[in-house]
Amino acid sequence: MPSVTSLSDAVEAQLSSALTATLPETVGDPLLRRSDRADFQANGILALAKKEKANPRELATRVVSRVTTGDVIKDIEVSGPGFLNITLTDRAIIANLAERYADETNRLGVPLVPHPGTTVIDYAQPNVAKEMHVGHLRSAVIGDALVQMLEFTGENVVRRHHIGDWGTQFGMLIQYLDEHPHELDHKDAEASGEEAMSNLNRLYKAARQLFDSDEEFKTRARRRVVDLQAGDPHTLATWQRFVDESKIYFFSVFEKLDLEVRDADIVGESGYNEMLAETCRLLEESGVAVRSEGALCVFFDDIKGPDGNPVPLIVQKSDGGFGYAATDLSAIRDRVFRLKASTLLYVVDARQALHFRMVFETARRAGWLGDDVTAQQLAFGTVLGKDGKPFKTREGETVRLVDLLDEAIERASAVVREKAKDLSEAEIAERGAQVGIGAVKYADLSTSASRDYKFDLDQMVSLHGDTSVYLQYAYARIRSMLRKAGDVRPAAHPELELHAAERALGLHVDAFAATVTEAAAEYSPHRLAAYLYELASLFTTFYDKCPVIKPEPPRDIAENRLFLSDLTARTLHTGMTLLGIRTPERL
Ligand code: ARG
């Protein structure tokens, strides 16, 4: 299914053929960019002239003479050392957008990748029997945006929630629950996420206290670790109760975050148990890992501790236990060989960067990651408090994610209530959640993932500036305008002369395709966020300068403006959906 080409593609095609006609033997990329000087600027002539040992301005002039102006290109001129400034006709802008508007695939010009691969995205990976904190927010939000963006471009995406559901800490919990079997019971048939988590918290504290104070309990608890690893059915059944209870809680948080997480995609650490021994055997047999003081280790020339001694990756501890690394190495084998991944993406805190560096290098040496497979950690920065320090409560404790989300929803509801006088309480609650959660997601996605950012609710729910609320308002305003327009319907009129604000908006709408393609390929949701913010800003200017309903312009102008507005709304909607943010119809 061919999607509608962007204007930039059409111009690029014309320039490329002019380049080839000028220099038949060489290939050159015109390097087209949006520009303040003209609609587009082409910077590629410079590199080509250098390669050909030609004078760039002269070469540029020859290229220009081969470009036909008229239908699409209104004006093309040489500028600076050999750039080309290109201005399009008003007709081309509207005609091209009209084609996009009519396109039933509703892809807004975004092409499908020519050779889709399979990308496994490891994200939203909380830990069983533990509260989710603000650190888990970023992985979930960024990961989900990447899933949506990559799927939209046609990539096959496999989601993996690598939850922490295995380890020695379960011995104590299992033993305690066996001795107090009603500790996880629920008041009602249907447990809430809150209740599940408070059960788990209470049980964890009690088990910990007993473990620290009662030697006999400690011995019984340790035995359960061995039973668990040996696969004893009764021990596994009790362990499963913790996993199930935690999932009730996880799903409640994901639901609050308006994220779709599917049970089948939750493949936690325990999912790789069967592979661990084999992973270690393969590493040892191939010599990639060696025994060192009883532990199975992989060494790296360039990874040393502060004392200058090499820091190894430990795949099996001296007591025979397998750790985090053995699990991740097994997961790589599973994802590459069984799921046939061409790309492995890990949306994980930057503090785990060394772990992933060592794991990827080990997997390469073992031959599990070949040249045809890319493995990358999308290492994200820390969420900071308003004071610029890692986010903590006033008591110095880590902040519960649920509390933060509830506060965001509450603040957003207040904003919604104040703005819209005619909404019912139910509507305020619904919009409040959409605005509040949107605000939290947007604040996270609008800074590049690798950077830290400050969690500042006042700023996040502000109607002014680079916030999701601003985008949501722009969308709602367009929708209300379309409702008010009555029998004037959106229709493209390529014959009209455009206002500067209409041109700027139209050209930016056109750039959606290239933006989504690049943002997906570079795993940069923040580029899409920046695009959408500019779209809303350009719309605001257009709305100011180009009346649609009052004062009433001639019919064709009104129709054309409604058409531009409607296409802007669709673009906002699609873009925000890719970021996981809702666009309420009214605000
Ligand atoms: N559960 C881990 C944590 O909370 C993150 C897991 C990351 N994924 C992985 N494949 N290691 O820190």
Side-chain angles (χ1 to χ4, degrees), residues 119-144 146-147 157-170 173 197 200 204 239 242-243 246-247 249-251 253-254 257 259 261 265-273 275-276 279 298 313-315 322-339 341 343-364 368-369 373-383 390-391 398-402 444 449-450 523:
T119 299
V120 176
I121 308 189
D122 187 312
Y123 72 106
Q125 327 95 329
N127 300 316
V128 163
K130 291 211 182 107
E131 193 89 55
M132 286 176 78
H133 54 80
V134 58
H136 293 115
L137 174 73
R138 297 211 74 187
S139 177
V141 169
I142 298 168
D144 180 63
L146 292 174
V147 168
V157 175
V158 181
R159 315 171 190 196
R160 278 293 173 264
H161 307 290
H162 195 89
I163 61 170
D165 62 356
W166 202 252
T168 47
Q169 73 275 20
F170 282 99
L173 296 173
M197 194 62 239
L200 288 165
Y204 189 93
W239 164 81
F242 284 99
V243 176
S246 294
K247 279 189 183 175
Y249 165 72
F250 295 157
F251 280 122
V253 179
F254 289 135
L257 261 174
L259 287 182
V261 169
D265 299 324
I266 301 183
V267 182
E269 296 177 15
S270 67
Y272 305 95
N273 277 344
M275 302 177 72
L276 300 175
T279 296
V298 183
L313 180 72
I314 300 175
V315 282
F322 304 106
Y324 194 48
T327 306
D328 262 325
L329 287 163
S330 304
I332 289 183
R333 291 173 55 214
D334 183 59
R335 293 171 188 185
V336 172
F337 299 122
R338 194 175 64 84
L339 299 176
T343 306
L344 304 178
L345 201 59
Y346 295 81
V347 189
V348 183
D349 193 313
R351 281 169 285 204
Q352 294 190 32
L354 184 61
H355 165 75
F356 282 106
R357 213 177 116 201
M358 299 202 281
V359 164
F360 295 161
E361 175 60 25
T362 302
R364 292 232 174 263
W368 301 331
L369 282 177
V373 186
T374 317
Q376 187 184 331
Q377 181 197 2
L378 204 88
F380 54 78
T382 310
V383 182
F391 206 33
T398 44
V399 183
R400 290 173 3 127
L401 183 53
V402 209
D444 197 309
S450 60
Y523 309 137

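Numbers here simply count residues along the sequence, with the first being 1. Indexing begins at 1, ligand by ligand and atom by atom, following the structure's order.
- Nearest protein heavy-atom contact of atom 6 (C) of ligand 1 is Y324 OH, 3.3 Å.
- Taking the six-membered ring for Trp and thresholds of 30 and 60 degrees, Y324 and H162 have ring planes more than 60 degrees apart, a perpendicular arrangement.
- Residues Y346 and F360 bring their aromatic ring centres within 6.0 Å.
- Between F242 and F170, the ring planes are perpendicular. Angles over 60° get that label, and only those under 30° would be called parallel.
- Between H161 and F254, the ring planes are tilted. Angles from 30° to 60° get that label.
- Counting heavy atoms closer than 4.0 Å to ligand 1, residue D328 contributes side-chain atoms (C-beta onward) but none from N, CA, C or O.
- Against a heavy-atom cut-off of under 4.0 Å, D122 is close to the following atoms of ligand 1: 8 (N), 9 (C), 10 (N).
- Closest heavy-atom approach to atom 9 (C) of ligand 1 among the candidates H355, R351, H162: H162.
- Checked against a 3.5 angstrom limit, the closest N/O atoms of E269 and ligand 1 fall outside it.
- For atom 4 (O) of ligand 1, the closest non-hydrogen atom on the protein side is N127 ND2, 3.1 Å.
- The closest protein non-hydrogen atom to atom 12 (O) of ligand 1 is Q352 NE2, 3.1 Å.
- The contact set between ligand 1 and F356, taken as ligand atoms under 4.0 Å from a residue heavy atom, comprises 9 (C), 11 (N).
- Salt bridge annotation for D122-R160: absent, with no cationic side-chain nitrogen under 4.0 angstrom from a carboxylate oxygen.
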